[in-house]
Amino acid sequence: MVTTVMNKQVILRDYVKDSPKESDLVIVSNTVELKVKSGSSTILVKNLYLSCDPYMGILMREPNSSTMALLDAYVPGKPLVGVGVSKVIDSDDPAFAKGDYVSAVVDWEEYTTIKTPIISKIDVNINVPLSYYTGLLGMAGLTAYAGFFEICSPKKGETVFVSAASGAVGHLVGQFAKLMGCYVVGSAGSKQKVDLLVNKLGFDDAFNYKEEPDLDSALKRCFPKGIDIYFENVGGKMLDAVLLNMKKYGRISVCGMISQYHLETRDRVHNLPDIMFKRIRMQGFVCGDFQDRFPKFLEYVLPYIKEGKLNYVEDIVKGLDNGPAALVGLYHGKNFGKQVLEVARE
Ligand SMILES: NC(=O)c1ccc[n+]([C@@H]2O[C@H](COP(=O)([O-])OP(=O)(O)OC[C@H]3O[C@@H](n4cnc5c(N)ncnc54)[C@H](OP(=O)(O)O)[C@@H]3O)[C@@H](O)[C@H]2O)c1
């Protein structure tokens, strides 16, 4: 007999116009049969952890040519879609067995039926918490690794500035840079986050950009001789101030610009001529561009995890009902490290 269970989902009500709010999302309940159709080549998974990511707010907006270059927008009335860590409940694919753990693109719900090409099996012999596959051993980790090493071509002794430095990507970039012998400074939005960066994560210095609105002075104090590498997570005024403080032949890795995603009129950046004056190389990227580097990334990062040389900070919120608050919190700096939504433990 086929078991039928309740399946809660997080649905987008309608396209958002400015910064996403909890009220833009609604929790609904449906039912799902815990069985896949024979011949469907699908697997049915129970979602354990869902990754909360800033790009998800972009996909909540009515699509335009910029956002469509990123990913398909969400559909009003349908669940959000994101990266999850899930357990296989039933499978019509010989590559996946009941009880396997997978990392996959899933709807924001308790149970999802997925087509197999977008799934990778989790190697449980890599003895880390399953939630790490939403971040450190998932998108945030690969983004930090590729965005820093591939785009910035760092050298020992160089000066590195990371914005949104206490977040999922930022706190890893800063530690990767320290591990290779760079001088690293981060910016973040509270005193507690600044303390975390300097006292727990080994940054050489950090400042609270909300308390020091004169960003140019803050950067001059932290980098009296200038910045070699800027890992860009926020954009806007921060980018403008950074350009004034970059060294000749500096590199800027444009990972994200969270301060700009939901503005009606985006901030003007006045100091772009410095890119030419200083021969700066500035490059945007998305994590998926570097998917083929994942094995190399694992080779790099796993020894540091095993030796306890990397501090990974997770902010785990429990229960699908709390998903909207966890996601929206990213745009208000509520998270410390990687924001994860725990839907179920097993
Ligand atoms: N290119 C890619 O493939 C890729 C992949 C992953 C992420 N990203 C981008 O990388 C950046 C960081 O992502 P993440 O996943 O690591 O998120 P995160 O840093 O863990 O969370 C977002 C953080 O951004 C900061 N923030 C929010 N609004 C801001 C504003 N208006 N001005 C300045 N800071 C603001 C907040 O920290 P504070 O308290 O410090 O303000 C918040 O905690 C984002 O821009 C994201 O879109 C890009």
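Start at 1 and go down the list; that is how both ligands and their atoms are numbered.
- Closest to atom 41 (O) of ligand 1 among all protein heavy atoms lies Y209 OH, 2.4 Å.
- Scanning the protein heavy atoms around atom 40 (O) of ligand 1, the nearest turns out to be G189 N, 2.8 Å.
- Close contacts of ligand 1 with C287, meaning ligand atoms under 4.0 Å from a residue heavy atom, involve 2 (C), 3 (O).
- Donor-acceptor pairing under 3.5 Å is recorded for the side chains of Y230 and S163.
- With respect to atom 45 (O) of ligand 1, the closest heavy atom belonging to the protein is N233 O, 2.9 Å.
- Put simply, part of G337 is less than 4.0 Å from ligand 1, judged by heavy atoms.
- Side-chain contact annotation: T159 with D228, donor-acceptor N/O pair under 3.5 Å present.
- Residue contact check: V286 has heavy atoms under 4.0 Å from atoms 1 (N), 2 (C), 3 (O) of ligand 1.
- Of all protein heavy atoms, the one closest to atom 15 (O) of ligand 1 is P54 CD, 3.4 Å.
- Residue-ligand proximity, A188 to ligand 1, at heavy-atom distances under 4.0 Å covers atoms 40 (O).
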side-chain contact (heavy atoms from CB on, under 4.5 Å), that's the test. Do F277 and N271 meet it? Break it down for me. CA-CA 10 Å; F277 301 150; N271 298 317; over 6 Å; no
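- Close contacts of ligand 1 with S259, meaning ligand atoms under 4.0 Å from a residue heavy atom, involve 30 (C), 31 (N), 32 (N).
- Between F176 and F148, the gap from one ring centroid to the other reaches at least 6.0 Å.
- Enclosure of atom NZ in K220 by more than 12 non-hydrogen atoms of other residues, nucleotides or ligands within 6.0 angstrom is indicated.
- Residue pairs that meet the salt bridge (charged side-chain N to carboxylate O under 4.0 Å, His left out) test with at least one member in residues 99-109, sequence neighbours left out, are D100-K121.
- Residue K193 approaches ligand 1 through these ligand atoms, each under 4.0 Å from one of its heavy atoms: 37 (O), 38 (P), 39 (O), 43 (O).
- The atoms of ligand 1 that sit less than 4.0 Å from any heavy atom of M257 are 45 (O).
- Contacts of V234 with ligand 1, taken as heavy-atom pairs under 4.0 Å, involve the side chain alone.
- Ligand 1 places these atoms under 4.0 Å from at least one heavy atom of G167: 16 (O), 18 (P), 19 (O), 20 (O).
- The protein non-hydrogen atom at the shortest distance from atom 48 (C) of ligand 1 is C255 O, 3.0 Å.
- If you check which protein heavy atom lies closest to atom 47 (O) of ligand 1, you get Y261 OH, 2.6 Å.
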Which is it for I122 and Y133 under the side-chain contact (heavy atoms from CB on, under 4.5 Å) test, yes or no, and what are the steps along the way? CA-CA 8 Å; I122 288 173; Y133 290 89; 3.6 Å; yes
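- For ligand 1, the atoms sitting less than 4.0 Å from at least one non-hydrogen atom of N335 are 18 (P), 20 (O), 21 (O), 42 (C), 43 (O), numbered in the order shown with element in parentheses.
- You'll find the side chain of R61 stays beyond 4.5 Å of the side chain of Y15, heavy atoms only.
- No hydrogens or angles considered: nothing links the side chains of T42 and D92 as a donor-acceptor pair under 3.5 Å.
- The residue from F285, F231, Y300 that alone fulfils the ring pair (Phe, Tyr, Trp, His ring centres under 6.0 Å) condition with F149 is Y300.
- Nearest protein heavy-atom neighbour of atom 7 (C) of ligand 1: V169 CG2, 3.9 Å.
- With hydrogens left out, the protein atom closest to atom 42 (C) of ligand 1 is L330 O, 3.2 Å, a heavy atom.
- Stacking of K193 on the aromatic ring of F336 is recorded, both the 6.0 Å distance cut-off and the 45° axial limit being met.
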